[in-house]
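Remember, it's 1-based here, ligands and their atoms both numbered in the order they're listed. Along the sequence shown, the residues carry numbers beginning at 1.
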Amino acid sequence: MTPSVRIKTDLDIRSFHPQSKTLMGPGPSDVSARVLKALGQTTLGHLDPDFTDLMDELKQLLGYAFQTDNKLTFAVSAPGSAGMETAFVNLVEPGDKVIVCINGVFGSRMKENVERIGGIAVVVADEWGSPVDPEKVETVLKANPDAKFVAFVHAETSTGVLSDAATLCRLAREHGCMSIVDTVTSLGGSPLFVDDWGIDAVYSGSQKCLSAPPGLSPVSFSSLAVKTIRERKTKVQSWFLDLNLVMGYWDGQGGRTYHHTAPVNAMYALHEALVMLQEEGLDAAWARHTAMHERLRDGLQELGIDYLVNPESRLPQLNSVLIPDQYVNEEAAIRRKLLDEHHLEIGAGLGTLAGKVWRIGLMGYGASQKNVDYCLQALRQVL
Ligand SMILES: *Cc1c(COP(=O)(O)O)cnc(C)c1O
């Protein structure tokens with residue numbers, strides 16, 4: 001007997017129409033109407049020639065954003081965490097030694113990736129709120145001549161700290177290591193020069209300083225990294241993320257072959273966000289993030305709110321601020337009030353910084369005078 005439809009939904013469920021909010025947390029950031037409009041265009045087949053033309057343009061636009069000529073530059077069909085995993089599962093083989101710098105949440109995730117692969121993670125730890133210390137990295141490189149990779153986070157979103165990627169990549173190279181760099185929060189917000197700094201594997205996210213909707217992870221691999229991936233002794237443990245297979249779809253050499261169905265509309269949105277970045281220019285975008293950060297900093301100062309991080313390593317796009325003593329007990333209620341009464345989202349502290357800091361994002365389209373002033377005004381009212 002054929003079963004009958006028995007499981008029913010709640011009849012109250014109707015189309016979803018979210019209240020529009022101002023996103024000033026650690027990402028996603030505010031998406032412009034222009035990018036949302038691009039997202040809503042007609043869906044094409046993922047092998048349609050018009051769509052593969054867009055994929056080719058996307059590779060070029062990402063090359064600009066990353067400042068790289070790397071041929072293997074594209075967007076993984078999944079969020080930043082999948083970009084991280086793509087870099088690690090493709091490059092690291094069981095038994096490989098990886099120097100992992102940890103100064104916040106995302107460095108710890110890198111270590112987790114290495115260990116799940118069966119690699120050996122040698123940790124260089126720095127305090128949460130401080131940048132990665134190149135001297136410590138150099139000492140560990142000298143003590144581990146068999147290490148193959150150095151991995152670190154350029155912009156630690158959990159703490160608001162920028163590390164010196166140029167120096168860390170140079171040290172890695174001098175000691176015969178490849179570099180794996182997390183630029184999820186730096187891409188589009190802070191100067192980043194993948195080729196000039198000699199980064200071998202880099203990944204980012206669509207929803208931070210690019211201000212596209214979440215769900216795509218721009219990545220780029222140097223020719224040395226590609227050679228390493230092609231010459232692996234073992235199969236990549238993940239079928240979905242195996243670049244040897246994904247390259248057949250993105251590379252287009254000898255025709256594109258089906259690997260998975262790309263999130264077509266999400267890629268329209270990322271393309272539009274990158275066109276906007278190209279129109280503004282990278283230098284101008286970086287300068288805008290700095291100018292908005294300074295405006296926010298001056299306003300917070302008037303409210304008696306200080307920063308966690310020293311001025312020289314502060315991220316303009318992620319402002320980690322110390323919650324004043326008198327508000328520590330109500331910090332969650334204050335964030336809730338900002339959300340309910342002002343439709344404004346700011347971020348909470350993570351890990352050891354939970355309850356101690358707020359994280360105010362000024363990312364991409366959200367790095368605007370309008371957002372800075374709105375946030376300051378809302379804080380003034382709520383505090
Ligand atoms: C947000 C973030 C990630 C993870 O990206 P998702 O898109 O959330 O998976 C990784 N690293 C850093 C530094 C981030 O800020």
So do the side chains of Y307 and L300 get within less than 4.5 Å of each other, counting heavy atoms only?
-> yes
In this structure, are over 12 heavy atoms from other groups packed under 6.0 Å from K136 atom NZ?
-> yes
Write out the residue and atom name of the closest protein heavy atom to atom 9 (O) of ligand 1, then the distance separating them to 0.1 Å.
-> S81 OG, 2.5 Å
Has ligand 1 got any nitrogen or oxygen that is less than 3.5 angstrom from a nitrogen or oxygen of A82?
-> no
Judging by distance only, is a nitrogen or oxygen of K208 under 3.5 angstrom from one on ligand 1?
-> yes
Geometric N/O contact Y203 with ligand 1, under 3.5 angstrom = no
Which of the atoms in ligand 1, numbered in the order shown and given with their element, are less than 4.0 Å from a heavy-atom of A155?
-> 13 (C)
Which residue owns the protein heavy atom closest to atom 8 (O) of ligand 1, what's the atom, and how far is it?
-> Q207 NE2, 3.7 Å
Proximal atoms of ligand 1 relative to T185 (non-hydrogen, under 4.0 Å) = 15 (O)
What's the shortest distance from atom 3 (C) of ligand 1 to any protein heavy atom, and which residue and atom give it?
-> F106 CE2, 3.4 Å
Decide yes or no on salt bridge (charged side-chain N to carboxylate O under 4.0 Å, His left out) for D56 and R256, but give the supporting numbers first.
-> CA-CA 12 Å; D56 287 337; R256 285 174 207 271; 2.7 Å; yes
With a 4.0 Å cut-off on heavy atoms, is S217 touching ligand 1?
-> no
So which heavy atom in the protein is nearest atom 11 (N) of ligand 1, and how far is it from that ligand atom?
-> D182 OD2, 2.7 Å
Below 4.0 angstrom, N of the basic side chain to O of the carboxylate: do R297 and E302 qualify?
-> no
Does R109, backbone or side chain, put an N or O under 3.5 Å from an N or O of ligand 1?
-> no
Would you mind checking which non-hydrogen protein atom is closest to atom 6 (P) of ligand 1, with the distance to 0.1 Å?
-> G80 N, 3.5 Å
Report the part of P26 (side chain from C-beta onward, or backbone N, CA, C, O) that has a heavy atom under 4.0 Å from ligand 1; answer both or neither where that applies.
-> neither
Salt-bridge criterion met for R173 and D200 (N-O under 4.0 Å) = yes
Given side chains that start at C-beta, do those of F106 and F152 come closer than 4.5 Å, heavy atoms only?
-> no
Looking at ligand 1, does E156 have a heavy atom less than 4.0 Å from it?
-> no
Using a strict cut-off of 4.0 Å, indicate which atoms of ligand 1 neighbour a heavy atom of T157.
-> 12 (C), 13 (C), 14 (C), 15 (O)
If you measure from the Lys or Arg side-chain nitrogens to the Asp or Glu carboxylate oxygens, is any gap between D373 and R295 under 4.0 Å?
-> yes
Ring center gap for W197 and H154 short of 6.0 angstrom | yes
Do E57 and H271 have a side chain donor and acceptor closer than 3.5 Å?
-> yes
Under a 4.0 Å N-O cut-off, is there an ion pair linking E272 with K37?
-> no
